[in-house]
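Scroll down for the structure; my scribbles are underneath it.
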Amino acid sequence: MDKICPCCSINFTCRVDKIELCNCSRINLAEGVRQYIKTTYGNCLCFDCLKDLNDQFEKSHEEKAKNKAISK
């Protein structure tokens, strides 16, 4: 199914018909990313946006864990 990424506006193919080929199955999304996408964008994102968003979430979690360890 052809879609337009709601984040960057490029065209991409969503493979909901073969979920193992879908962008969201090609990346191990950090905790909370899927829910964030659902509430923020309401639709699938292209692979590059998924990767960027996932990297941001992972970095944020690492910083929170680091700050928590420092404050102890």
Side-chain angles (χ1 to χ4, degrees):
M1 173 185 301
D2 288 336
K3 291 191 174 190
I4 297 174
C5 179
C7 187
C8 71
S9 301
I10 68 160
N11 291 318
F12 72 100
T13 301
C14 176
R15 294 302 309 262
V16 73
D17 61 322
K18 288 198 173 229
I19 198 68
E20 67 276 4
L21 300 176
C22 192
N23 288 331
C24 62
S25 295
R26 294 176 40 208
I27 186 168
N28 186 18
L29 296 175
E31 182 179 334
V33 173
R34 287 181 197 273
Q35 185 60 36
Y36 178 81
I37 292 168
K38 183 178 180 180
T39 58
T40 305
Y41 299 105
N43 212 331
C44 302
L45 303 181
C46 70
F47 182 77
D48 289 339
C49 288
L50 278 176
K51 184 171 178 350
D52 289 345
L53 187 60
N54 195 58
D55 291 347
Q56 290 174 19
F57 262 72
E58 286 179 344
K59 189 174 187 177
S60 174
H61 284 289
E62 288 172 6
E63 288 176 11
K64 286 178 185 177
K66 183 179 174 183
N67 290 338
K68 188 175 179 180
I70 291 172
S71 67
K72 283 186 176 183

>> Rounded at 0.5 Å granularity, tell me how far CD1 in Ile37 sits from SG in Cys7.
In response: 9.0 Å
>> A side-chain contact here means heavy atoms from C-beta on lying under 4.5 Å apart; do Asn54 and Leu50 qualify?
In response: no
> Considering all heavy atoms of both residues, which atom of Leu29 and which atom of Arg34 are nearest to each other, and what is their separation?
Replying inline: CD1-CG, 3.7 Å
> Which pairs pass side-chain hydrogen bond (donor to acceptor under 3.5 Å, both in side chains) with one or both residues in residues 7-18, sequence neighbours excluded?
Replying inline: Asp2-Thr13, Arg15-Asp17
>> Is it the case that over 12 heavy atoms from other parts of the model lie below 6.0 angstrom from the CD1 atom of Ile4?
In response: no
>> Assess whether a salt bridge exists between Lys59 and Asp55, defined as any Lys/Arg side-chain N lying under 4.0 Å from an Asp/Glu carboxylate O.
In response: no
> With Phe57, which residues qualify under ring pair (Phe, Tyr, Trp, His ring centres under 6.0 Å), at least two apart?
Replying inline: Tyr36
> How would you list all residue pairs meeting side-chain hydrogen bond (donor to acceptor under 3.5 Å, both in side chains) that involve residues 37-50, not counting sequence neighbours?
Replying inline: Lys3-Asn43
> Can you name the nearest heavy-atom pair linking Cys14 to Cys22, along with the distance?
Replying inline: SG-SG, 4.1 Å
>> Grouping I, L, V, M, F, W and Y whenever their side-chain heavy atoms are under 4.5 Å apart, do Leu45 and Ile10 come out in a common cluster?
In response: no
>> Heavy-atom count check: over 12 atoms from other residues, nucleotides or ligands less than 6.0 Å from Glu20 CD?
In response: yes
